[in-house]
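Here is the structure we will look at.
Below, chains carry the letters A, B, ... as their sequence lines are ordered, and counting in each starts from 1. What you see below is based on every heavy atom in this structure, not just the backbone, and it leaves out hydrogens, waters and symmetry mates.
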Amino acid sequence: MQAETDGAKRIQSSRRSREPIFSKGSTSRSCSIFVEVPPPTATMPETQENQRKTLEERDQMSELERIRHSTAHVLATAIAKLWPDSQFAYGPPLLEGVHGFYYDVDLEHRITPEDFEQIEAEMKKVVKENQTFERITVSRDEALALAKSGRLAALGERDVESVFKIDLLNDIPEDEEISIYKNGDFWDLCAGPHVPRTGNCKAFKVLSVASAFYKGDAANPQLQRVYGTAFKNKTQLAEHLEQVEQARQRDHRKIGKELDLFHIDEAVGQGLVLWKPNGAVVRQELQNFIGEHLDRQGYSQVFTPHIGKLDLYRTSGHFPYYADSQFPPLPEREAMKALADEGCTCGELTNQLESGEVAGFLLKPMNCPHHIKIFQSNHHSYRDLPVRLAEFGTVYRWEQSGELGGMTRVRGFTQDDAHIFCTEDQVKEEVMGCLELVKIVLGTLGMEDYRVRVGLRDPDSTKYVGDAEKWDKAEQALREAAATLGTEFAEEPGEAAFYGPKIDFVVKDVIGREWQLGTVQVDYNLPERFGLEYIGSDNASHRPVMIHRAPFGSMERFVGVLIEHFAGKFPTWLSPEQVRILPISEKFVDVAKGVYDELREAGVRVTVDDADEKVGAKIRLAQLDRIPYMLLIGAKEQESRQVSVRHRDRGDEGALGVSEFRDKVVAEIRSRSL
RNA sequence: GCUCUUGUAGCUCAGGGGUAGAGCACUUCCUUGGUAAGGAAGAGGUCACGGGUUCAAAUCCCGUCAAGAGCUCCA
C-alpha cells in the first residue's frame, strides 16, 4: 500500500522508497506525482549504493531491535530443528513500528500457516532453555571452513555447505571483524548485537510466510521468508497485535465495500476504479472544496482530453523513455491498416511508433503537456504572470500487476493537478500559496500531524537541469516558503527531482501511520523542452518557471487514505448520507417525509428509513452505515413538532425543533467542521 | 513481472469425487415496536473462466483471469 506517485505514500520500509530515481519500468513513480522525464543530457540511471552498516552503527541498535534480531535466531533455531535441510540467508530485525523481523530460508518443505503452531512451540522450548547468545570472533578462513561443513545457520555439521552464508561472507569487507553467534547448538554467521539470553525473547509471534528473492534480486532464487514480531513483554505484543487488527478494520478496501464507495470490476480492468454514488459524493465534495480555494487563489480551471499525440510526449520527454510505465500507444487507424496490409509485425509496429514513422496517440500519463499547450496558445507578457492552470485531470499509468491494490495503487487516477507559470522572482510567493492550500486542506480534514520535507539537489551530482544560480535561488525560495508554515521542516539534499527542488508533506494518520500527501515541485525542464517564453519589462523574451502541485495527489489515493483516516466516519460535510430519519413506526412516515422535505430543501443529504422494522434495528443499520445524524420521529415528536437527535458517536442528544436542527446541521456542513 | 495463498448466493463465509450450505441482505406476510438485530415463509448459485482425469468434477490435475500477502533498512 505504499507508493508515492500520486501523492499519498505510506512511509515505511519499502523497496519503493529506495529505488533509483530513473529506474525504468517498475518505477516512474519514484519521487513525485509527476512522471519523471529524462534530463536533456540523458544521464540515465543513477543507481543508489547499498549502504552497509558499520559495526559501530550496529552497536547503536535499540533494545527492541536486538530482541527482534535475537528472536529471528530463535526462529531459525526452531526451523533448523524441524527441517535440518534448511538453508538460511538473511534474518534481520525490522524498524520499530513495522513487522518485527523475518528470516529468509530455503528448504524443501513449504512452510504454511499450519506450521506456525509447531514452529512457535519449538521456539518456546528454545526460549525456555534460556540459552546464552555467545559471540566469538573468527578468522575469515575459520568462518569459511565452518560454512563449508554446513555448520553455519545449523545445529551441527551437515553434508551440504551453508551456501548463502558462504556468499554473505564474501560480502564482508576485508578489514571487518567476522563473528559467529551461538545459542545452544545453533551457530550463525552474525554481526550481532544480540540480547544476552534466549530467555529475553519471550513475547513473540510468527506472523506470515511469503516469498522473497535472495538479496531482493529477481535473478536470484526465491526463498521462503518467515515473518514474526517480538516485543519486550507480552503486554506490548498484545497491544501491537491489537493495533494491526485496528488497521485491518480500517482498510479502505473493506470499508469501501461496506459503505458502497467504489468498485473495481474484473471486466473493466485491474487498477481501474469505478466510483459508486456514495464515493462520488465524497470525491465531489472534496473537489468543490478545492475548487473554492482555487478561485480564491486566482487559479483558472481548465479541461483537457485524456489522450494526446505521441509527438507531444516526445517533446515532453515521456515517450518513449517511460513506455514501460504507460499504456501502449494507440496507432492511427489508417497507418495501422496500411501496415497490416504490408504484413507488418507487432514488433515492427512498436518500433515504428517509437521512432515516429507511424503516428499515434497516448493515454496521457500526466497533465503537464496539455496545460503547457494552453499556456502557449497565447503570447504572454510578464504582466500576465503568474498563469495558474488547474484541472482534476485523469491520467493513466501502467503499473505492474503486483503493484496494484485498492484505491491507493491504480492504473487510472485523477490528480488535483495545477501548473503555475511564473517568473523566477515569483517562485517564492507562488510556492507559499501552494503550501497554504495544502495546509488548509490538511487542517480541514484534521490531519494536522505532519512533517514537511524540502527536497534539495545533491551537490555532488550532475544530473540536474538548469544552472546552479537558478537552483540556489529556487532552493532558497522553497526554504523561505517552508519556514512560513510554522511547522518544522527537514531539508533533504539529493531528494530533489532532476528538474527542480520540491516540498512534500508527510502526514501521520490517527493510528500513527505516515503517508506522503501533497507535493509542490519547481520545474526548469519542461519550460526548456517546450521553449516556453514571456516578454519581460525589458521587451526581451524570457523563460518562465513552472510549478507543479497537487495537494491531494490523486483523488483515488487521497480518498483511500481518508477512508482509513476516518475509519469510514467521514465528517458530516463529506458523508454521502448526512442525516437519516427513522420513524418509530409506519404511522410516522408522513411526518418524517415532511422533515425530509425541509432538510432536502436546505441542501442536506437525507433519507427516510421507512422499513417495517423496530427503531433499534434501524439505528443499528444507520450506525453500520456511519451516518452522522439519526432523527427519531414518533408520537412525542409529532406532538411537539420536534425531532429526537442521535449522533453516531455522541449518542442521544435530545429533542430539537426541526428548523433548529436544520440550521445546526447546515452550519456544520457549510463550515466543513470535523 | 515473480513466489505463495485465495476465488462457492448481493455481502461474510462453511463444505468438498455422487440432489449446493449457513448467517446477513432481498421479497411477501404477521407485527406498529422509543436509541445497535421482533417473528414466519419465500426467492436467489454453470461453486471465477477454459481444458484434462473419471462412470461421475464445485471438489483432483493443468492453464487463464482476478484478489491478497511478499519480493535485502545487511552476515
Side-chain angles (χ1 to χ4, degrees), chain A residues 1 12-18 25-26 50-55 57-58 65 69 88-95 98-99 102 104 110-113 143 147 152-153 162 164-173 176 178-181 188-192 207-227 251 253-254 257-258 260 264-267 269-271 324 399-406 582-589 612-624 630 632-637 644-648 651-653:
Chain A
M1 160 169 316
Q12 64 174 42
S13 71
S14 152
R15 66 196 183 109
R16 304 264 111 230
S17 56
R18 296 169 62 82
S26 65
N50 278 336
Q51 290 265 311
R52 190 186 173 77
K53 252 187 219 156
T54 64
L55 291 176
E57 281 167 340
R58 298 187 67 96
E65 285 174 284
H69 186 194
F88 291 95
Y90 288 103
L94 300 171
L95 272 193
V98 198
H99 291 78
Y102 63 84
D104 283 347
R110 287 251 164 257
I111 298 178
T112 67
L152 291 185
S162 302
F164 298 114
K165 298 294 170 178
I166 292 176
D167 186 58
L168 293 173
L169 264 171
N170 294 328
D171 292 342
I172 301 178
E176 204 170 289
I178 297 177
S179 58
I180 305 281
Y181 269 88
D188 199 359
L189 175 71
C190 178
L207 296 173
S208 59
V209 59
S211 89
F213 294 109
Y214 179 55
K215 292 183 173 174
D217 187 341
N220 285 334
Q222 289 210 309
L223 307 174
Q224 302 188 59
R225 173 165 297 179
V226 183
Y227 279 93
D251 191 310
R253 288 165 296 198
K254 177 172 141 60
K257 203 176 266 183
E258 286 170 0
D260 242 354
I264 296 173
D265 196 283
E266 282 189 31
Q270 283 184 288
D324 287 351
E399 297 295 336
Q400 290 190 74
S401 59
E403 302 284 353
L404 299 171
L582 314 178
I584 298 289
S585 85
E586 260 170 39
K587 286 185 274 188
F588 308 103
V589 169
D612 179 10
E613 284 294 345
K614 291 194 185 178
V615 76
K618 293 184 182 182
I619 286 173
R620 177 168 182 275
L621 245 173
Q623 287 287 149
L624 290 176
M630 289 152 259
L632 276 68
I633 294 181
K636 279 188 300 195
E637 289 77 11
S644 284
V645 181
R646 179 191 160 97
H647 185 267
R648 71 180 165 205
D652 192 346
E653 297 195 301

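Side-chain atoms of A:D612 come within donor-acceptor range of the base of B:rG33, with a qualifying N/O pair under 3.5 Å. At a cut-off of 3.5 angstrom, the base of B:rG34 holds at least one donor-acceptor pair with the side chain of A:E637.
Note on A:G651: nothing from the nucleic acid sits closer than 4.0 angstrom, heavy atoms only. Nucleic acid contact class of A:A143 (heavy atoms, under 4.0 Å, all strands): none. Within 4.0 Å of A:G406, counting heavy atoms only, lie sugar-phosphate atoms of the nucleic acid but no base atom.
Syn is the conformation of B:rU19, whose glycosidic angle sits no further than 90° from 0.
Taking the side chain of A:Y90 as heavy atoms from C-beta on, and the options B:rU72, B:rG34, B:rG33, the nearest nucleotide is B:rU72. Comparing B:rU72, B:rA36, B:rU32 by their nearest atom to the side chain of A:K587 picks out B:rU32. Listed nucleotides: B:rU72, B:rA66, B:rC30. Nearest to the side chain of A:Q270: B:rA66. Of the listed nucleotides (B:rA36, B:rC71, B:rU31), B:rC71 has the atom at the smallest distance from the side chain of A:R225. Out of B:rG34, B:rG38, B:rG33, the shortest distance to the side chain of A:S585 is found at B:rG33.
Computed from coordinates, the A:L223 CG to B:rC4 C1' distance equals 13 Å when rounded to whole Å. B:rC71 atom P lies 8 Å from atom OH of A:Y102, rounded to whole Å. Distance, A:K618 NZ to B:rA25 P: 14 Å, rounded to whole Å. Going from atom NZ of A:K614 over to atom C1' of B:rG34 covers 11 Å, rounded to whole Å.
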Legend entry - Secondary-structure notation, RNA chain B, from Watson-Crick and G-U pairs under 3.5 angstrom (| other strand): (((((((..((((....[..)))).(((((.......))))).....(((((..]....))))))))))))....

For nucleotides 6-10 of chain B, print each protein N/O atom paired with a nucleotide N/O atom at under 3.5 Å, atom names and distance only.
none

Using a cut-off of under 3.5 Å, enumerate the N/O to N/O pairs linking the protein to nucleotides 11-13 of chain B.
{"from": "B:rU12", "atom 1": "OP1", "to": "A:K257", "atom 2": "NZ", "distance (Å)": "3.3"}

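In this structure, A:R620 does not reach the B:rU35 phosphate: none of its side-chain N or O atoms is under 4.0 Å from OP1 or OP2. At the phosphate of B:rC4, neither OP1 nor OP2 sits under 4.0 Å from any side-chain N or O atom of A:Y227.
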